[in-house]
Amino acid sequence: MTIFKTKDAKNAFYIGAICVLGYVACYFAKNLLGVVSPYMIEEGFYDIQYIGLLSTSNMLFYAVGQLANGIIGDRIKSKYMIGFGLTFSGICYLIMAFSDVRMLVTAVYSLSGFFLSMLYAPMMKVIAENTRPIHAIRCSLGLTFASLTGTPIVGILAIVFRWNMVFVVCGFTLIFIGVLSFICFHRFEKSGIIQYKQIQKTSEKGGGIKILLQHAIIKFSFVAILTGIVRTSVVFWIPTYLSQYLELSSASATTIFTVMSIAQAVTPYVSMVLLYDKLLKRNVNVMLIVTFASSALSFLMMYIVSNGAVNILFFFLAILTANGASCALWNAYCPSLKDTGMVSTATGYLDFLSYAAAALANQLFANAVSDIGWGNLILVWGALMLAGVLVAAPIRKK
C-alpha cells in the first residue's frame, strides 16, 4: 500500500522534499550571524556597527542576486543554480570560521549572500511548473516552513558550540546538501519528473512586463518590500533587542529567540490552511489587510507595555502576523504565475525588492538604535505594517 494516491502526488513530494532540505540549509546560513552576534559582541570580536555592516552587505548581494538569478533561473536548469549556490556559499562560511581579516570576512559573507540567492526563484519555478496547483501550494508552504526552521537550528547549535564552530558546521552542511541537490535534480530530469517551461512568447514590446502587470505585480512589489523588512531585518535584530533593550543575558536572548523561531514554524500552515483557505476563502486582499493590521497593533502594544514577558509575547505576535502576509505573497501569489513561464523571474524580482528594502532598513535600524532608541524604533516598525494595510486595501474604480 502506497502513501501517495497518485503519481503526481509522489513526484511533488520528491521535488518538495529536496527543495525544503536545501532551503532549511539556506536559512540556517542566512540567520547564523544574527543569532551568534550577541556572543561575538560579548567577546569583543566585532562591534554592533560592524555586525550591521556585514548583515547589510550580505542582504544587498542577496537582493541583487535574486534579481539576476531570478532571470537566469528561467533559462538555466535548476540543478546548476541550486547545487552550485549551496556549495559555493558553504565554502564562504568555512572561510569566515577561520579568518579574522575584516576585509576578507566582509567579501566572503557578501558573496555568500549572492550564492544563496541562487536557490529560491529556481525552486519556485520547478515547483510551479512540475506540480498540480494544490501540490504547488503545499510545496511552497514547505519552503516557508523551511525558512522558519533554519533559525532554531542555529539557535540550538549556538547554545552548544562556540560561535565560530557553528560557522564550520554550517559550511560543511551547505556543501553536502549542495552536492546532494545536484544529484537528485539530475535524476529527476532524467526520469521526467522535472521538465522546464519556456517563457511566454509575445510579439509586443515589453510583453513580459505587461504580463506581470496584468497579474498585479506592482501591488505585490510593495507587499514584498514591507514583509521583507520585518521577516529579514527586524528578525535579525531580535537577539540584540532582547539583550540590550530588555537587558537579558546573551544566552537567555538566544534561547528565547530559538523558542520564538520554533513556534513560528507553524505560521505557514496556520496562515494558509486555516486563515487563507478556510476562514477567508482564498481572498488575498482580506488576508493581507488582516495580517498587516494585526502586526501593526502588536508593535503598538510592544511600545505601550513595559513588562518583559508581555513585551516579548507581543513581539512574537507582530512577527507571526507579518509572516502571515508574507505567506500570502510567496505561497499564493507566486505559484499563481505558473502559466506565464516567468515564475523564477517574478519571484526573483520580488525577493530582490524584499531584501533590498531589508538591507537598507537594516543599516538604518543599526543607526536608529543610538539615535532614537529602541522604543521609537518599535513605532517605526508598526508604521510600516500600517502602510501594508493601505497597500492591501482594494482601490475602487470609478
Side-chain angles (χ1 to χ4, degrees), residues 26-66 89 92-93 95-97 99-117 119-120 147-148 150-151 153-155 157-158 163-164 166-167 170-171 174 225-245 250 253-254 257-258 260-261 319 322 351-371 374 377 380-381 384:
C26 174
Y27 268 81
F28 173 14
K30 281 170 58 59
N31 289 297
L32 198 161
L33 182 65
V35 174
V36 303
S37 58
Y39 296 96
M40 301 172 79
I41 295 170
E42 194 175 71
E43 291 183 14
F45 193 80
Y46 294 139
D47 55 31
I48 191 170
Q49 285 75 23
Y50 184 63
I51 295 294
L53 173 64
L54 281 178
S55 176
T56 300
S57 62
N58 177 273
M59 288 181 190
L60 284 173
F61 271 75
Y62 187 87
V64 172
Q66 283 291 351
S89 60
C92 290
Y93 275 80
I95 294 173
M96 286 189 69
S99 177
D100 59 357
V101 180
R102 289 198 172 191
M103 185 174 294
L104 177 60
V105 169
T106 304
V108 295
Y109 193 58
S110 300
L111 285 174
S112 73
F114 181 84
F115 293 137
L116 290 174
S117 73
L119 308 184
Y120 187 61
S147 70
L148 297 172
T151 305
I153 292 173
V154 183
L157 290 174
W163 63 264
N164 58 343
V166 183
F167 275 96
C170 180
L174 289 168
I225 289 170
L226 295 170
T227 57
I229 290 174
V230 174
R231 75 187 178 102
T232 304
S233 185
V234 174
V235 168
F236 176 85
W237 291 108
I238 290 178
T240 307
Y241 169 86
L242 296 175
S243 61
Q244 290 191 355
Y245 186 66
S250 297
T254 302
F257 179 56
T258 302
M260 289 173 65
S261 301
I319 299 298
D351 225 5
F352 159 74
L353 291 180
S354 173
Y355 280 92
L360 176 61
N362 201 59
Q363 194 60 46
L364 292 175
F365 294 164
N367 296 328
V369 171
S370 56
D371 293 339
W374 284 107
L377 185 56
V380 172
W381 295 341
L384 290 172

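Note that the coordinates shown come from a computational prediction; the quantities given were computed from them, not determined experimentally.
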State, to 0.1 Å, how close [X] and [Y] come at their nearest heavy-atom pair, and which atoms those are.
X: Val230; Y: Ala322; result: CG1-CB, 3.6 Å
X: Leu242; Y: Ala253; result: CD1-O, 3.7 Å
X: Leu32; Y: Val154; result: CA-CG1, 3.7 Å
X: Phe257; Y: Pro239; result: CD2-CG, 3.7 Å

State the [atom1]-[atom2] distance between [X] and [Y], to the nearest 0.5 angstrom.
X: Arg102; Y: Leu53; atom1: CZ; atom2: CG; value: 9.0 Å
X: Cys170; Y: Lys30; atom1: SG; atom2: NZ; value: 11.5 Å
X: Ile153; Y: Tyr27; atom1: CD1; atom2: OH; value: 13.5 Å
X: Thr56; Y: Phe61; atom1: OG1; atom2: CZ; value: 12.5 Å
X: Tyr355; Y: Tyr62; atom1: OH; atom2: OH; value: 4.5 Å
X: Arg231; Y: Ile319; atom1: CZ; atom2: CD1; value: 12.0 Å

With sequence neighbours excluded, tell me which residues meet side chain to side chain donor-acceptor pair (under 3.5 Å) with Tyr120. none
Heavy atoms, side chains only, cut-off 4.5 Å: are [X] and [Y] in contact?
X: Val36; Y: Phe167; value: yes
X: Ser55; Y: Met59; value: yes
X: Tyr245; Y: Leu377; value: no
X: Val234; Y: Leu384; value: no
X: Ile229; Y: Trp381; value: no

For residues 108-116, which side-chain N or O atoms pair as donor and acceptor with protein atoms under 3.5 Å away, sequence neighbours left out?
unit_1: Ser110; atom_1: OG; unit_2: Ser57; atom_2: OG; d: 3.2
unit_1: Ser110; atom_1: OG; unit_2: Thr106; atom_2: O; d: 2.7
unit_1: Ser112; atom_1: OG; unit_2: Asn58; atom_2: ND2; d: 3.2
unit_1: Ser112; atom_1: OG; unit_2: Tyr109; atom_2: O; d: 2.6

